[in-house]
Asker: 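Pasting a structure here, questions to come.
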Amino acid sequence: MEGRQAVRELLLAGARKVREVVMAEDLDPSPILDDIRQLAREQRVTLSEVGRKALERQSHTESSQGVVALAAEMQPAELDDLARPAHGVAPFLLALDSVTDPGNLGALLRTAECAGVSGVVLPRHRAAHLTPTVTKTAAGAIEHLPIALVGGLPSALEQLRSEGVWVIGLDSAGAGSIYDLAVADAPICLVAGAEGKGLSPLVTRRCDEVVSLPLRGNLDSLNVAAAVAVAAYEVARRRMAASDGAP
């Protein structure tokens, strides 16, 4: 784990064992660094301060922000568990079809966590996974998001449908609009595809509905992370309105 926010969330969540936190010894004082030091002491995690070059030898990203943590691997969630209500709340899932850019995946995970997504579905093959770049960009979101790794996304979506989850594809070719989605407050899984390619034909056929985001400018598409942000927050808004009893 690299990056100040990611390491702080790793320690705050306490979901997996942290073996060591390593900091550059030349860092300027900062409240978030104070938080990391305090959390490491409270959890009896080894805290080392080393020279910048020594830290960079342990880093795998362009900028670790002077903080690296060594932790146990994350354990993937079971797809069946993601399809079940949690604390009485219907599942709100995000599935990603062949998103291979680590920066996009990290941004998608951060947005998903902030929008209230309850779980993420990633294919094992031809997709980005939880690399140091992804976890740094996600800024700690992975500590709070159950993530299921599946052998084939089409079959995983079919399984979700069989368990009562509505599968909604996001694609510029979608006939309907995300703003007219009637099942936003039901068990739902949004499916987003890679930039340029969009959803694969097999994945599209497994969707109950494919919707688009209305575009008012001259460009014909959004970055996948931006598109998911708009869609996820629209679903979150509709779910909040339903829980508050709004019409």
Asker: How long is the span from the OG1 atom in Thr46 to the CG atom in Leu70, to the nearest 0.5 Å?
Answerer: 10.0 Å
Asker: Over all heavy atoms of both residues, which pair between Gly119 and Leu145 is shortest? Give the atoms and the distance, please.
Answerer: N-CD2, 4.3 Å
Asker: How about Cys207 and Glu209: do any of their side-chain heavy atoms sit closer than 4.5 Å?
Answerer: no
Asker: Taking all heavy atoms of Ala186 and all of Ala90, pick out the closest pair and write down the distance.
Answerer: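 Looking at all heavy atoms of both residues, the closest pair is C-CB, 4.2 Å.
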Asker: Any chance you could measure Ser118, atom OG, to Arg84, atom CZ, to the nearest 0.5 Å?
Answerer: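 CZ of Arg84 is found 13.0 Å from OG of Ser118.
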Asker: Determine whether Ile36 and Leu11 make a side-chain contact, defined as any pair of heavy atoms from C-beta on separated by less than 4.5 Å.
Answerer: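 Answer yes - side chains close enough.
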Asker: Among Leu190, Leu157, Leu160, Leu79, which residue satisfies the side-chain contact (heavy atoms from CB on, under 4.5 Å) criterion with Leu93?
Answerer: Leu160
Asker: Report the distance from atom CG of Leu109 to atom OG1 of Thr137, rounding to the nearest 0.5 Å.
Answerer: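 OG1 of Thr137 is found 9.5 Å from CG of Leu109.
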Asker: Looking at Gly198 and Asp97, what are the two nearest heavy atoms and their distance?
Answerer: O-OD2, 4.2 Å
Asker: If we only count heavy atoms from C-beta on, is the Glu143 to Glu113 side-chain gap below 4.5 Å?
Answerer: no
Asker: Using side-chain heavy atoms (C-beta onward) and a distance below 4.5 Å, is Asp80 in contact with Gln159?
Answerer: yes
Asker: Would you give the length of the straight line joining atom CD1 of Ile147 to atom CD1 of Ile142, rounded to the nearest 0.5 angstrom?
Answerer: 6.5 Å
Asker: Step by step, work out the side-chain contact (heavy atoms from CB on, under 4.5 Å) result for Ile168 and Val191.
Answerer: CA-CA 6 Å; Ile168 306 298; Val191 190; over 6 Å; no
Asker: Test of understanding: clusters of I, L, V, M, F, W, Y form through side-chain heavy atoms closer than 4.5 Å, transitively. Do Val167 and Val210 belong to the same one?
Answerer: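 No, separate clusters.
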Asker: If every non-hydrogen atom of Leu199 is compared with every non-hydrogen atom of Gly193, which pair is closest and at what distance?
Answerer: CD2-N, 3.5 Å
Asker: Using every non-hydrogen atom in the two residues, find where Ala13 and His144 come nearest and quote the distance to one decimal.
Answerer: CB-CE1, 3.9 Å
Asker: Report yes if the side chains of His60 and Thr131 come closer than 4.5 Å at any heavy-atom pair, otherwise no.
Answerer: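 SC-SC contact between His60 and Thr131 ruled out.
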Asker: Would you check, one step at a time, whether the test side-chain contact (heavy atoms from CB on, under 4.5 Å) holds for Glu2 with Val67?
Answerer: CA-CA 6 Å; Glu2 302 183 19; Val67 183; over 6 Å; no
Asker: Hydrophobic cluster membership, with links at side-chain heavy-atom distances under 4.5 Å among I/L/V/M/F/W/Y: are Leu55 and Met23 in one?
Answerer: no
Asker: Starting from Leu39, can I reach Met1 by hopping between I/L/V/M/F/W/Y residues whose side chains sit under 4.5 Å apart?
Answerer: yes
Asker: Check Glu73 with Arg16, please: is the shortest side-chain N to carboxylate O separation under 4.0 Å?
Answerer: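 No, Arg16 and Glu73 are not salt-bridged.
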Asker: Test of understanding: clusters of I, L, V, M, F, W, Y form through side-chain heavy atoms closer than 4.5 Å, transitively. Do Val121 and Ile188 belong to the same one?
Answerer: no
Asker: A side-chain contact here means heavy atoms from C-beta on lying under 4.5 Å apart; do Leu82 and Pro146 qualify?
Answerer: yes
Asker: Rounded to the nearest 0.5 Å, what's the gap from CG on Asp185 to CZ on Phe92? Could you check?
Answerer: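 Spacing of CG (Asp185) from CZ (Phe92) equals 11.5 Å.
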Asker: Donor-acceptor pair, distance only, cut-off 3.5 Å: does the side chain of Thr135 make one with the backbone of Pro132?
Answerer: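 Indeed, once roles are kept as given, a pair shorter than 3.5 Å links the two residues.
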Asker: Can you see which heavy atom on Ala24 is nearest to which on Glu49, and at what distance?
Answerer: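 So the minimum-distance heavy-atom pair works out to O-OE1, 4.5 Å.
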Asker: Salt bridge between Glu158 and Arg206, side-chain N to carboxylate O under 4.0 Å?
Answerer: yes
Asker: Just wondering, do Val68 and Val7 contact through their side chains at under 4.5 Å, heavy atoms?
Answerer: no
Asker: Nearest 0.5 angstrom please: Arg238 CZ to Ile178 CD1, how far?
Answerer: 8.0 Å
Asker: If you measure from the Lys or Arg side-chain nitrogens to the Asp or Glu carboxylate oxygens, is any gap between Arg239 and Glu234 under 4.0 Å?
Answerer: no
Asker: Would Leu122 and Val150 show up in the same hydrophobic cluster when neighbours are defined by side-chain heavy atoms closer than 4.5 Å?
Answerer: no
Asker: Using distance alone, with no hydrogens and no angle criterion, decide if Glu20 and Ser48 have a side-chain donor and acceptor under 3.5 Å apart.
Answerer: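 A donor-acceptor contact under 3.5 Å links the two side chains.
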Asker: Taking Gly152's backbone N and O only, do any of them form a donor-acceptor pair with His125's side chain (distance below 3.5 Å, no angle check)?
Answerer: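 Checked: no pair found.
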Asker: Walk me through it: do Met74 and Leu130 pass the test side-chain contact (heavy atoms from CB on, under 4.5 Å)?
Answerer: CA-CA 9 Å; Met74 290 196 65; Leu130 299 184; 3.8 Å; yes
Asker: Are the side chains of Arg4 and Ser30 in touch, meaning some heavy atoms are under 4.5 Å apart?
Answerer: yes
Asker: Apply salt bridge (Lys or Arg N to Asp or Glu O under 4.0 Å) to Arg8 and list each qualifying residue two or more places apart in sequence or on a separate chain.
Answerer: Asp35
